[in-house]
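Shown next, in structure tokens, is the structure this report addresses.
Computed over heavy atoms, backbone and side chain alike; hydrogens, waters and symmetry mates excluded.
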Amino acid sequence: MGRLVARTQGRGFYPVGRWLDDWLAEQGARDGELTVFLRHTSASLTVQENADPDVQDDLLDALDRLAPEDAGWRHSMEGPDDMPAHVKTVLTGVSLQIPVVAGRLDLGTWQDVYVIEHRTEPHQRSMTLRYLGT
């Protein structure tokens with residue numbers, strides 16, 4: 001088990017796959033499964049395309065349409081972007097299970113693992129990592 005911290009600069013996708021592969025190498029991982037759990041309720045994890053940044057921008061826009069800041073949320077004590085961030089996290093999730101083959105994440109050619117920051121301000125996002133395998 002381990003922990004990884006990603007520093008975000010506000011709303012957006014932040015790739016962490018390389019960091020996860022580095023962590024797996026430090027553990028001597030070969031074949032198994034990595035569970036990544038993001039310890040926050042206003043950011044999330046996803047496996048998504050890494051080639052065209054328009055995909056990430058379109059996804060952020062879609063999430064904004066699904067959970068706009070001006071929807072009349074009751075919870076607003078942490079700012080107008082907080083409650084929509086919680087909704088976006090419910091939709092996208094905080095945990096991933098990723099196969100590991102030959103010591104690396106078994107991702108497709110156009111995939112990477114991302115922390116999605118749903119808040120407008122920078123944050124430090126902590127992930128708990130658990131590797132199970134050989």
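- Cluster annotation: Val36 and Val16 are assigned to the same hydrophobic cluster (Ile/Leu/Val/Met/Phe/Trp/Tyr, side-chain heavy-atom contacts under 4.5 Å, transitive).
- Applying side-chain contact (heavy atoms from CB on, under 4.5 Å) to Thr92 and the options Leu63, Val87, Leu59 leaves one that passes, Leu63.
- Ile116 and Val47 sit in two unconnected hydrophobic clusters of ILVMFWY residues. Membership requires side-chain heavy atoms under 4.5 Å apart, directly or through other members.
- The shortest distance between side-chain heavy atoms of Leu20 and Leu129 falls below 4.5 Å.
- Put simply, the side chain of Asp21 gets close to the backbone of Leu105: a donor and an acceptor are under 3.5 Å apart.
- Here the closest heavy-atom approach between residue Gly32 and residue Tyr131 is recorded as N-OH, 3.5 Å.
- Here the CZ atom belonging to Arg119 is positioned 10.0 Å from the OG1 atom belonging to Thr8, to the nearest 0.5 angstrom.
- For the pair Ser126/Arg3, a side-chain contact is recorded, criterion being any heavy-atom separation below 4.5 Å from C-beta on.
- Nearest approach of Met1 to Trp23, heavy atoms of both residues: C-CZ2, 3.7 Å.
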TODO: Run the numbers on Ser44 and His118 for side chain to side chain donor-acceptor pair (under 3.5 Å), then give the verdict.
DONE: CA-CA 8 Å; Ser44 54; His118 300 300; 2.8 Å; yes
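- No chain of hydrophobic side-chain contacts below 4.5 Å, direct or via other Ile, Leu, Val, Met, Phe, Trp or Tyr residues, connects Ile98 to Leu132.
- Residues Arg39 and Arg125 fail the side-chain proximity criterion, which asks for heavy atoms closer than 4.5 Å.
- No side-chain heavy atom of Thr89 sits under 4.5 Å from any side-chain heavy atom of Leu91.
- Across all non-hydrogen atoms, the minimal contact from Arg30 to Val100 is O-CG1, 3.6 Å.
- Contact check for Val5 versus Met127: no side-chain heavy atoms found under the 4.5 Å cut-off.
- A donor-acceptor distance shorter than 3.5 angstrom exists from the side chain of Asp112 to the backbone of Gly17, with no hydrogens or angles considered.
- Ala6 and Val115 get closest at one heavy-atom pair: CB-CG2, 4.3 Å.
- Residues Arg130 and Phe37 are not in side-chain contact: their nearest non-hydrogen atoms beyond the backbone lie 4.5 Å or more apart.
- Side-chain contact of Gln111 with Thr109: a donor-acceptor pair under 3.5 Å is absent, judged by distance alone.
- Note on Leu60: it does not cluster hydrophobically with Leu38, by side-chain heavy-atom contacts below 4.5 Å among ILVMFWY residues.
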Trace of the side chain to side chain donor-acceptor pair (under 3.5 Å) decision for Gln97 with Ser95
CA-CA 7 Å; Gln97 292 74 42; Ser95 182; 3.1 Å; yes
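- No more than 12 heavy atoms of other residues, nucleotides or ligands lie within 6.0 Å of CD in Glu121, so this atom counts as exposed by the packing criterion.
- Counting all heavy atoms, side chain and backbone alike, Lys88 lies closest to Ala67 at CE-O, 3.7 Å.
- By the 4.5 Å heavy-atom criterion applied to side chains, Glu117 and His123 are counted as neighbours.
- For the atom pair Arg65 CZ and Asp61 CG, the distance stands at 6.0 Å (nearest 0.5 Å).
- Ion pairing between a basic and an acidic side chain is recognised when a charged N comes within 4.0 Å of a carboxylate O; Asp81 and Arg11 show no such pairing.
- A donor-acceptor pair is defined here as one N or O able to donate and one able to accept, closer than 3.5 Å; no such pair exists between the side chain of Trp110 and the backbone of Gln48.
- The heavy-atom pair separating Pro84 from Trp73 by the smallest distance is CG-NE1, 3.5 Å.
- At least one donor-acceptor pair under 3.5 Å links the side chain of Tyr114 to the backbone N or O of Glu49.
- Taking the side chain as every heavy atom from C-beta outward, Leu96 and Val113 approach each other to under 4.5 Å.
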